[in-house]
Amino acid sequence: MQERYEFKDIESKWQKIWEEEEAFKTVEDYDKEKFYVLEMFPYPSGKLHMGHVRNYSIGDVIARYKKMEGYNVLHPMGWDSFGLPAENAAIKNGIHPAIWTDSNIEEMHKQLNSLGLSYDWDREVATCKPDYYKWMQKIFIEFQKKGLAYKKENPVNWCPDCQTVLANEQVVDGVCERCKTPVTKKNLSQWYFKITEYADRLLAGLDNLPGWPDKVKTMQRNWIGRSEGAEVKFEIDGSDKELIVYTTRPDTLFGVTYMVMAPEHPFVKEFTDGTEYEEAVSAYLAECATKSEIERTSLTKEKTGVFIGKYAINPVNGKKVPIYISDYVMMDYGTGAIMAVPAHDQRDFDFAKAFGLDIIPVVDVEGVDLDNLTEAAAATGKMINSGKYDGMVNTDAINQIIADLEEKGLGKRTVNYKLRDWLISRQRYWGCPIPMIKCEKCGWVPEKEENLPILLPTDVEFTGKGDSPLTTSKTFRNTTCPCCGGPAEREIDTMDTFLDSSWYFLRYCDAKNSEEPFDKKKVDYWMDVDQYIGGVEHAILHLLYSRFFQMVLHDLGMVDKEEPFKNLLTQGMVIKDGAKMSKSLGNVVSPQEIQEKYGADTARLFILFAAPPEKELDWSDAGVEGSFRFLCRVYRLVHEYVTTIRGDKTVGDTIEIRNEADKKLNYAINATIKKVGEDAGGRFNFNTAISSIMELVNEMYKYKTGDINLELFDDAVNKLVIVLNPFVPHITEEMWEALGHTDRLYQTSWPAYDEKALIQDEVTIVVQVNGKIKDKFVLANNTSKEETEAAARQLDKVKEALDGVTVVKTIVIPNKIVNFVVR
RNA sequence: GUGGAUGUGGCGGAAUGGCAGACGCGCAUGGUUGAGGGCCAUGUGGGAGACCGUGUGGGUUCGAGUCCCACCAUCCACACCA
């Protein structure tokens, strides 16, 4: 063992050994209990950042710890390697996306290995490789056959400068992230997945995920946005059309004073074309269309709109109310039209005020002056101005009114969701080709399975302008119809990359399968993921899409489990100087520079020690220094033990606890094993796990200045190295070897702790008077209540405090506290 | 606006309703050293003190950083969803 902690030598030495010994290769062992640890796979941008290091360090500790606990651990890694940056690089530098991506993967693979992460690289997947996207296409076809994929024309984000559709994520503050041009809407025919068909199950499934943070479940619930209400039919005066609205407040039906349709509502043109209102309506529609995303979202609650010259008839009281159009009503939610009740809805109230419309209260909310409303009264109360419903509690009236409407055929109970179907088409090259073919005769038909994968063509140009690069291929588009054999055209859009990442965790279970996406038996053994770790930014998109995929694949009989991720840990961001690390702020710390200066073990240790995993982590250079010093301190301790304290001496087999110092050290050893096991294996509070190991080290430094019990100290050194291993694997393997072991730590079991060693002879009792601490004293462990109280009463400070007052009550918690309640 | 989270020393952060501030950083003192660094050791919430201290104000409790209510601040997400 070298005297100095030469982290570079040590880290490269052990990384090489692990690779040679295939230390982290995992095979299915159906008799052994499994544990699947998964970290969200990265986009291969070319460089790891601290967020990655944090994510993967957390996963690695769990994987290594669970392995030591005896589980058959699956801990894979791969690449979410389709996506826009590769294409942008191609446009900018003229490098083909595949080449750019491959070299990034190679670079990042090296960086991951340099962190000493215990991945089974035999299961590596890259979503941009044909051996992955072949199965993506197969799965797409399964979805299509099940009726879950359809093509529809819809307004989508469009960048007029780049001449392309953008994903929502690529629209930043209303402008194109690449050219900063304001994004507009454009109607395009696109593929959608019917995720809405699974809305209820996606919602209900959340109740069966106790291992997920409430925050994430709440976000998903809000995103799905289920609401219960009713659709109500309004006749239109002078027309045979019916205007159907959706409302969650049928109880306020008598308070309707006007109606609003979305500007895009199909009735609008029909009702106004050729009328005196046409001009004003067209002007308003034009205004809405030119409103960019920025204007639309930054607009204060100022309501705009136009009367369209028609009146609707309220089905409950026959009252005629004017119909307006306004952009505060959305075409893609509910029916695209609302009944407006300004007395009980704030938006309607604002609109009514702006347009001088009537406000009729129909629910008597306690404490609200209904004659002089300053805002909408949304709370519950008794019905008024509502005919036969007057006097009912409005929440009861809701059900009664719906029932009455249903009976008369004027409406029906409905459930609405905010969740929309998933637009999966992208006008991009670097994505998985959608395996659909359009035939003049047969319509849209899926490619034959034996023709999969449909490979991305290489004869394309990347200009960044015009249509998708796929359109420039001379070979790609034209094909024959799989049904009739006639001439046909391929879909030239590619899939959203979120599809690729919605099932990669299943492919890891059987990454090399060339016959099918994965073998069901293997997937059923490994799934579900026991611990998933990633950033909270994926709380909705990725985590919802993956759950959807899992459910569909379950329904297709391809997997058993309905939920993919049993436990979810959302790690916090890494920040520095109070802000997210970013180039523009100049506060970026690269993992490479830290590894260069202190080594991977220090980087891991600091990142795990500085904060609990789900919280923000404030980067501190001084803190890193401290973590490095701690590792040096441990290293020196082991070195001194090996060379001096133990030297050539023989260590006996039995540990004899001779005195108080021995007892104290033995306590520290066992308490640390227990604490680290709880913190690293269950709570995932690595920061407190590490601090307890630091306490053990401090204890050992103290101990070695006295009379050393060689057997006990040997036990302490060995166990210290073991419990530290999941956090800092390289230095611990080095020390383990130096201690004379011929096996490896990655093969070692987690030590059991001795419950008896944790029983202390004496405990400190706190004495309070009226809850205020007066004194403390030491007492034998497990002294009776009576004796504890008696002992407490002997204390001078207590006698003083109890002098001249009456003790009303005495609370004694053995081994802990005595509290005298006095008057 | 709605929903969620978080507020503890100079800093990062510990505390199954029971000794607030573990552990680390920083700082201070001493030792080692020719010196510096490093290392080792000790100390380190405030107050001279009785005591006071976990964003503010209430409440529950023998006892509250922890539970409940209201408020303030910060952060995040969604954002006119009828």
Side-chain angles (χ1 to χ4, degrees), chain A residues 213-223 225-227 229-230 245-249 252 259-260 262 296-297 299-304 326-330 332-341 344-348 350-351 416-420 536-537 539-540 572-573 575 578 580 605-606 609-612 614-627 629-630 632-633 636 675 685 687-698 701-702 705 763-776 807-813 815-822:
Chain A
D214 287 337
K215 176 171 66 166
V216 174
K217 287 189 279 190
T218 305
M219 283 168 79
Q220 291 210 356
R221 282 192 189 103
N222 292 343
W223 186 263
R226 183 190 148 98
S227 77
V245 300
Y246 172 72
T247 179
T248 54
R249 296 288 307 271
T252 61
M259 311 288 285
V260 187
R296 207 168 261 192
T297 49
L299 268 182
T300 47
K301 291 270 172 330
E302 199 100 336
K303 294 285 183 290
T304 59
S326 173
D327 64 358
Y328 86 88
V329 174
M330 254 63 58
D332 55 0
Y333 182 76
T335 63
I338 61 156
M339 58 179 226
V341 187
H344 303 291
D345 181 284
Q346 190 58 41
R347 293 152 304 180
D348 298 346
D350 295 339
F351 189 89
N416 249 301
Y417 298 92
K418 287 194 212 173
L419 184 71
R420 306 291 143 75
V536 74
E537 66 273 17
I540 293 170
M573 270 196 315
I575 62 166
K580 190 176 176 177
L605 187 73
F606 170 72
F609 177 62
E614 69 280 1
K615 284 185 77 174
E616 256 180 9
L617 186 150
D618 199 357
W619 189 268
S620 145
D621 292 331
V624 179
E625 196 87 44
S627 294
R629 277 206 297 270
F630 171 71
C632 292
R633 190 168 152 87
R636 274 197 307 278
K675 174 84 175 147
N685 280 10
N687 53 333
T688 51
I690 292 165
S691 74
S692 75
I693 297 173
M694 288 171 168
E695 284 179 85
L696 173 61
V697 171
N698 291 344
Y701 265 82
K702 262 182 222 144
T705 60
V763 292
T764 303
I765 308 287
V766 176
V767 187
Q768 301 178 329
V769 175
N770 282 350
K772 297 253 180 278
I773 293 153
K774 291 296 167 190
D775 207 355
K776 307 166 194 180
V807 176
V808 185
K809 197 176 175 185
T810 308
I811 313 283
V812 183
I813 311 289
N815 292 344
K816 270 207 177 112
I817 204 160
V818 179
N819 188 11
F820 296 103
V821 185
V822 303

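Letters A, B, ... are given to chains in the order of the sequence lines, protein chains preceding strands, and every chain is numbered from 1.
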Measuring to OP1 and OP2 of [N], would you say a side-chain N or O of [X] lies under 4.0 angstrom away?
X: A/Tyr328; N: B/A82; answer: no
X: A/Arg636; N: B/G38; answer: no
X: A/Lys816; N: B/C62; answer: no
X: A/Tyr333; N: B/A82; answer: yes
X: A/Arg633; N: B/A41; answer: yes

Confirm from the modelled atom types if [X] and [N] form a donor-acceptor pair under 3.5 Å, side chain to base only.
X: A/Lys303; N: B/C80; value: yes
X: A/Gln768; N: B/G18; value: yes
X: A/Lys809; N: B/C62; value: no
X: A/Lys702; N: B/U42; value: no

Roughly, in whole Å, what's the span from [atom1] in [X] to [atom2] in [N]?
X: A/Phe630; N: B/G26; atom1: CZ; atom2: C1'; result: 19 Å
X: A/Trp619; N: B/G24; atom1: CH2; atom2: C1'; result: 15 Å
X: A/Ile540; N: B/A79; atom1: CD1; atom2: P; result: 8 Å
X: A/Asp214; N: B/U6; atom1: CG; atom2: C1'; result: 15 Å
X: A/Ile338; N: B/A82; atom1: CD1; atom2: C1'; result: 5 Å
X: A/Asp345; N: B/C80; atom1: CG; atom2: P; result: 13 Å

With a 4.0 Å cut-off on heavy atoms, is [X] in touch with a base, just the backbone sugar-phosphate, or nothing at all?
X: A/Met694; result: sugar-phosphate
X: A/Arg221; result: nothing
X: A/Val329; result: base
X: A/Lys217; result: nothing
X: A/Asn698; result: sugar-phosphate
X: A/Ser620; result: nothing
X: A/Tyr417; result: nothing
X: A/Ile773; result: sugar-phosphate
X: A/Glu537; result: nothing
X: A/Gly334; result: nothing
X: A/Asn687; result: sugar-phosphate

Quick check for you: among [options], whose closest atom lies nearest to any side-chain atom of [X]?
X: A/Ile813; options: B/A14, B/G18, B/A82; result: B/G18
X: A/Trp223; options: B/C78, B/G13, B/C23; result: B/C78
X: A/Lys774; options: B/C23, B/A41, B/C51; result: B/C51
X: A/Tyr701; options: B/C40, B/G13, B/G26; result: B/C40
X: A/Asn819; options: B/G63, B/G12, B/C23; result: B/G63
X: A/Phe609; options: B/A82, B/G4, B/G24; result: B/G24
X: A/Val766; options: B/C19, B/C25, B/G4; result: B/C19
X: A/Ile811; options: B/A14, B/G18, B/C25; result: B/G18

How far does the [atom1] atom of [N] sit from the matching atom of [M], given to the nearest Å?
N: B/G9; M: B/G45; atom1: P; result: 13 Å
N: B/C19; M: B/G63; atom1: C1'; result: 13 Å
N: B/C67; M: B/U6; atom1: P; result: 9 Å
N: B/G65; M: B/A15; atom1: C1'; result: 9 Å
N: B/U29; M: B/G36; atom1: P; result: 13 Å
N: B/U44; M: B/C25; atom1: C1'; result: 13 Å

Open item on the list: Both A/Asn685 and A/Arg249 contact RNA chain B. Which one's nearest nucleotide lies toward the 5' end?
Closed with: A/Asn685
Task: Pairwise 5' ranking along RNA chain B for A/Gly626 and A/Val821, keeping only the more 5' one - done: A/Gly626
Open item on the list: Whether A/Arg420 and A/Asp332 form a salt bridge (side-chain N of Lys/Arg under 4.0 Å from carboxylate O of Asp/Glu) is what I want to check.
Closed with: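 Salt bridge between A/Asp332 and A/Arg420, a charged N being under 4.0 Å from a carboxylate O: yes.
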- [ ] For the residue pair A/Tyr246 and A/Ser227, confirm or rule out a side-chain donor-acceptor distance under 3.5 Å.
- [x]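 Distance-only check passes for A/Tyr246 and A/Ser227.
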TODO: Decide, for B/G9, between syn and anti: a glycosidic angle within 90° of 0 counts as syn, anything else as anti.
DONE: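 Here B/G9 takes the syn form, which means its glycosidic angle is within 90° of 0.
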- [ ] Please confirm whether A/Lys303 makes a cation-pi placement over A/Phe351, using NZ or CZ under 6.0 Å from the six-membered ring centre and within 45° of the ring normal.
- [x]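 Ring-cation test returns no.
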